[in-house]
Amino acid sequence: MTSAPVAIIGAGTMGAAIAALLAAADQQVILIDPQPQALLKAQAALPQGVAFASELAAAKTAWLVIEAVPENLALKERLFKELEAVVNPECILATNTSGLSVNAIGAGLKGPQRFVGMHFFTPADIIPLVEVIRHDQTTQATVDAVLALLTTLGKKPVVVQKDIAGFIGNRLQHALAREAMSLLEKGIASAEDIDFVARWALGVRLAITGPLEQRDVNGLDVHHAIASYLYSDLENATAPLAVLQDKVAKGELGVKAGQGFYPWPEEQAADAAKRRNASLAELVSWLQSPAAG
């Protein structure tokens, strides 16, 4: 790559994880956040070799800046306008948005050709995939430089050729989650049984073949026949379902609140996270081995 550093804006969970990933690959990293407490927490968790700063000016020498601030369009758009005035003209600017429009975030930039989406998945140090999303004016050189870095980091990047809300991963994920919540809301099955089906029928196959390859394996005529009667019965709500709205209104936000679709006592949640991450790492390792084909 280059001897210049990579700057990361935002020292939260995702920003800190990306910083750790880069540092492990011997990349120079500057983690920037205006909140002292966020920097202190990240500093305690991250390895040596990561520099910390509270001002955007610290990104001046970076060859790449990755934004990992909260999912707020106005905040991100304003941040990149400020960054453009700080960094050098060749510096690549990347947003780690989970699904906001890359075109909208980069709308005010004078140099949108160097702007790109760079969507990591949580946990960023384990999940191999990174979506690289083109702005309408992103150059191929910008895309190639980001792909080269991600490959060096051991990631498996995919290029999203057109800016679309949610990109690929979150569109697929939210479609599945919407149907799962609909089944729960209608009393078809318990949360535990719905998740059990997803894990032991869909999950094990999706780890080996994607949904389109699976359709080929099963036969497109078979899929067409089932789709002809099933599609009209699937959940197609264009707003969050009542079961989700009710949970949010009650403050039952999942692990961070101790209650969601499942109860999450603090100690149980911490143990579950450790087991889940260890299992994910083991699965990824196996999928990348010759045994997985």
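The basis for the numbers below is simple: all heavy atoms, side chains too, and nothing from hydrogens, waters or symmetry mates.
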- Query: Can you list every pair that meets side chain to side chain donor-acceptor pair (under 3.5 Å) and has a residue in residues 172-182, with sequence neighbours left out?
  - Reply: Asn170-Gln173, Ser182-Lys186, Ser182-Glu235
- Side-chain donor/acceptor of Ser285 to backbone N/O of Ala281, under 3.5 Å: no
- Query: In chain order, what residues pass the side-chain hydrogen bond (donor to acceptor under 3.5 Å, both in side chains) check against Thr209, with sequence neighbours excluded?
  - Reply: Gln214
- Query: Going by the side chain to side chain donor-acceptor pair (under 3.5 Å) test, which pairs reach into residues 110-131, not counting sequence neighbours?
  - Reply: His119-Glu131
- Look at the side chain of Arg215 and the backbone N and O of His223, then say whether any donor-acceptor pair between them is shorter than 3.5 Å. no
- Message: Test of understanding: clusters of I, L, V, M, F, W, Y form through side-chain heavy atoms closer than 4.5 Å, transitively. Do Leu153 and Val284 belong to the same one?
- Response: no
- Item | Counterpart residues, ring pair (Phe, Tyr, Trp, His ring centres under 6.0 Å), relative to Phe80 (two or more places apart) | Phe115
- Message: Same cluster or not: Leu83 versus Leu31, using hydrophobic residues (I, L, V, M, F, W, Y) connected whenever any side-chain heavy atoms lie under 4.5 Å apart?
- Response: no
- Point-to-point distance, once rounded to the nearest 0.5 Å, from CZ of Arg276 to CG of Leu283: 14.0 Å
- Message: Please say yes or no: joined through hydrophobic side-chain contacts below 4.5 Å, possibly via intermediate residues, are Val143 and Leu150 part of one cluster?
- Response: yes
- Between Asp163 (side chain) and Asn103 (backbone), is there a donor-acceptor pair under 3.5 Å? yes
- Query: Going by the salt bridge (Lys or Arg N to Asp or Glu O under 4.0 Å) test, which pairs reach into residues 67-76, not counting sequence neighbours?
  - Reply: Glu67-Lys76, Glu71-Lys76
- Starting from Met181, walk the hydrophobic network (Ile, Leu, Val, Met, Phe, Trp, Tyr; side-chain heavy atoms closer than 4.5 Å) and list everyone else you reach, by chain and number. Leu183, Leu184, Ile188, Ile194, Leu241, Val243, Leu244, Val248, Leu253, Val255, Phe261, Tyr262, Trp264
- Mind jotting down which residue pairs meet the ring-ring contact (aromatic ring centres under 6.0 Å, His included) criterion with at least one end in residues 128-160? Sequence neighbours excluded, please. none
- Query: Hey, does Thr138 have a side-chain heavy atom less than 4.5 Å from the side chain of Val102?
  - Reply: no
- Does Leu40 sit in a hydrophobic cluster with other residues, and if so which ones, taking ILVMFWY side chains as linked at heavy-atom separations under 4.5 Å, directly or through other members? none
- Item | Pairs meeting criterion salt bridge (Lys or Arg N to Asp or Glu O under 4.0 Å) with involvement of residues 240-266, two or more places apart | Asp246-Lys250, Lys247-Glu252
- Item | Counterpart residues, side-chain contact (heavy atoms from CB on, under 4.5 Å), relative to Ala20 (two or more places apart) | Leu46
- Query: Residues in side-chain contact (heavy atoms from CB on, under 4.5 Å) with Leu75, at least two apart?
  - Reply: Val69, Pro70, Asn72, Arg78
- Give me the other members of the hydrophobic cluster that Trp200 sits in, counting Ile, Leu, Val, Met, Phe, Trp and Tyr linked by side-chain heavy atoms under 4.5 Å, directly or via other members. Phe196, Val204
